[in-house]
Amino acid sequence: ESGGSSSASAGAAQLDQAKQIVEKAETRPTQISQTKPIDKPIPPGKKITYISCGVEACAVQGSILSEGAAMLGWSVKTVNTDGSPEKVNNAFEAAIRDGTDAVILAAADKDQIAKPHADAKEAGIEFVTCCSTAPPGSFLANTGTPEQGGRVGEMHAAKMVVDSGGKANVLI
């Protein structure tokens, strides 16, 4: 009997821990956590091209990027694709021809975009991605690194545990 109750209390403690993780993740920040000031003037008028990957989660990012860019005096052109290599590469090459200053593409496969990425580098166009498995230094920036993904994964897992009352069996 005592083994069952200690197992139940351990389960309750883990559920409480998951609830704390979820509560922290769902609390809207009240201040910007970046403390290092920008030490150079922000150049005005930059043009960014955001290539959407074809799913709703990617499409939403375009308006978020536009809002942030506007604060800097920049503009974002969102190009919607179906996420296929052909459409993504065509959009990337069109952005280069249009004279964009930078391209943003979520979940870029460095091999799939090798040619337009090389063309962009040659033209002096920066490239940023999210969630790529490319090694560090392949692009100007790659958000969604394993370290960042681990924190997000912990939050997702905790939410599944809480929502299921501690009975979740999930793989992400």
* Structure fact -> Contacts satisfying side chain to side chain donor-acceptor pair (under 3.5 Å) that involve residues 78-96 (not counting sequence neighbours) are Asp82-Ser84
* Structure fact -> Here the disulfide (SG to SG under 2.5 Å) pairs for residues 40-124, sequence neighbours left out, are Cys53-Cys58
Atom [atom1] in [X], atom [atom2] in [Y]: separation rounded to 0.5 Å?
X	Y	atom1	atom2	value
Phe92	Lys115	CZ	NZ	11.0 Å
Leu65	Ser75	CG	OG	12.0 Å
Ile51	Lys77	CD1	NZ	10.0 Å
Glu26	Lys19	CD	NZ	12.5 Å
Leu105	Tyr50	CG	OH	8.0 Å

* To do: Considering non-hydrogen atoms only, spot the tightest contact between Ala120 and Ile96 and give its length.
  => N-CD1, 3.6 Å
Does any part of the side chain of [Y], heavy atoms only, come nearer than 4.5 Å to the side chain of [X], both counted from C-beta?
X	Y	result
Ile104	Thr129	no
Glu126	Lys121	no
Lys159	Ile21	no
Ile113	Pro116	yes

Please check: side-chain N/O of [X] versus main-chain N/O of [Y], any donor-acceptor pairing under 3.5 Å?
X	Y	value
Ser52	Val79	no
Asp101	Lys47	yes
Thr49	Thr100	no
Trp74	Pro43	yes

* Asked: Linking I/L/V/M/F/W/Y whenever their side-chain heavy atoms sit closer than 4.5 Å, directly or via other members, would Met155 and Val162 fall into one cluster?
  -> no
* side chain to side chain contact (heavy atoms under 4.5 Å, CB included) between Ile125 and Val103: does it pass, once the steps are laid out? -> CA-CA 7 Å; Ile125 297 168; Val103 172; 4.2 Å; yes
* Would you mind listing the cluster partners of Ile64? Hydrophobic ones only (ILVMFWY), side-chain contacts under 4.5 Å, chaining allowed. => Val60
